[in-house]
Amino acid sequence: MPELPEVETYRRYFEETCLFQPIANLFVEDRKLLTTDYDTLLVGLRDRSFIGTKRVGKNLFVQLDGLPDGESSDGLTAPWLHLHFGMTGDLAYFRDVEDTPRFARILFFFQNGFKLAFICPRKFERVGLIDTPEAYLLRKKIGKDGLEISVEELAEKFRRKAAPIKPVLMDQATVAGLGNWIVDEVLFQARLHPERRANNLTPDEVARLHGAIQLVLTTAITQEAQYSRFPTSFLIHAREWDSSPYPEANAHRSCPACRGELTVKQVGGRTTYFCGACQG
DNA sequence: CGCTATGTTGTTCC
DNA sequence: AGGAACAACATAGC
């Protein structure tokens with residue numbers, strides 16, 4: 001699930017549940033999930049509290065109390081926790097042990113008895129301490145957030161990209177937060193073929209694309225990324241991850257605009273849904 | 001059993 | 001050098 005709208009939903013959930021409670025302990029099932037070694041992470045978290053959150057693209061940053069932003073007095077601590085949800089990550093805040101969700105491979109124990117589970121079904125998720133979100137984003141070459149980028153900035157990113165527009169939009173350096181299904185939805189809403197070359201788009205097409213990014217992201221966040229609640233004009237329903245007992249039927253779901261048959265093919269190495277008629 | 005998967009990264013090849 | 005293509009990662013679910 002975790003593209004930008006899901007991570008934004010997790011961020012709000014985290015803010016509502018986990019702030020201003022000292023941390024007592026930490027459980028990590030598999031240290032491969034950590035980007036900071038376990039002992040350093042435990043020392044950095046214990047007796048501290050989360051005091052705020054920030055999100056850029058699919059990255060969630062959580063600020064810890066006790067140290068000024070970006071400073072590390074003893075070399076063992078850092079003031080921000082970074083979480084990346086991979087393909088299947090999720091959060092769950094709970095108190096009773098019997099409510100521990102499946103795949104809760106990382107647990108933060110608060111001193112008030114509540115716990116935060118970082119649910120990691122496929123172990124593609126990552127957690128660790130960082131100095132500052134800004135330094136992390138720079139190091140990882142992550143571009144502007146999808147909700148923040150301007151049409152001019154987007155056009156500039158496309159200017160020298162000969163690749164198909166789909167992988168260019170998937171690249172977090174172009175714009176942060178768009179993943180496979182959102183890019184398909186954005187291209188459908190903008191009525192652009194996923195294999196159009198990024199540097200061949202007209203200014204009007206770039207403007208449409210920018211508008212579609214805003215539309216899809218804001219719609220998804222408003223619905224808390226519950227796909228079934230999205231407007232019927234959205235292509236997402238052709239995927240229907242949660243409700244289709246017949247996968248082969250999905251590939252032949254019709255276009256929400258013209259009711260023509262959808263095309264399903266690999267573009268940029270990912271399964272891509274589009275309407276050849278509407279997105280010609 | 002075989003296939004696919006919402007993401008990122010490292011390698012290889014131009 | 002820079003970019004594009006693709007395999008690999010680890011596991012679940014169908």
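A, B, ... follow the sequence lines: proteins, then strands. Residue 1 opens every chain. In this text the structure is predicted, and so the values were computed from the model without any measurement.
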Do any N or O atoms from the side chain of [X] and from the backbone of [Y] form a donor-acceptor pair under 3.5 angstrom?
X	Y	result
A:K115	A:G113	yes
A:R105	A:R102	no
A:Y10	A:F85	no
A:Q226	A:Q223	no

Aromatic rings A:F230 and A:W181: how do their planes relate, parallel, tilted or perpendicular, breaks at 30° and 60°? tilted

Value in whole Å for how far the [atom2] atom of [N] lies from [atom1] of [X]:
X	N	atom1	atom2	value
A:I236	B:dA5	CD1	P	13 Å
A:K140	B:dG7	NZ	P	16 Å
A:R159	C:dG3	CZ	C1'	16 Å
A:K157	C:dG3	NZ	C1'	15 Å
A:I165	C:dG3	CD1	P	16 Å
A:K265	B:dT4	NZ	P	17 Å
A:M170	B:dT8	CE	C1'	10 Å
A:E125	B:dT9	CD	C1'	15 Å

With the side chain counted from C-beta on, respond yes when A:F188 and A:L262 share a heavy-atom pair under 4.5 Å apart, and no when they do not. no

Is it true that the side chains of A:Q266 and A:T271 contain a donor and an acceptor less than 3.5 Å apart? yes

So the stems of DNA chain B, runs of at least three Watson-Crick or G-U pairs (under 3.5 Å), are B:2-5 with C:11-14, B:7-14 with C:2-9

Phosphate OP1/OP2 of B:dG7: any A:H84 side-chain N/O under 4.0 Å: no

If you compare every side-chain N and O of A:T271 against the phosphate oxygens of B:dA5 (OP1, OP2), does one of them come in below 4.0 Å?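 Yes, within the criterion.
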
Which residue is it: A:F20, A:F14, A:W80, A:Y93? I am looking for the one with a ring pair (Phe, Tyr, Trp, His ring centres under 6.0 Å) to A:F50.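 Checked A:F20, A:F14, A:W80, A:Y93 against A:F50; only one passes ring pair (Phe, Tyr, Trp, His ring centres under 6.0 Å): A:F14.
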
Taken in chain and number order and not counting sequence neighbours, the residues that satisfy side chain to side chain donor-acceptor pair (under 3.5 Å) with A:N59 are A:H82

Which atom pairs link the protein and nucleotides 4-12 of chain C when you take only N or O atoms and keep those under 3.5 Å?
unit_1, atom_1, unit_2, atom_2, d
C:dT11, OP1, A:K123, NZ, 2.5

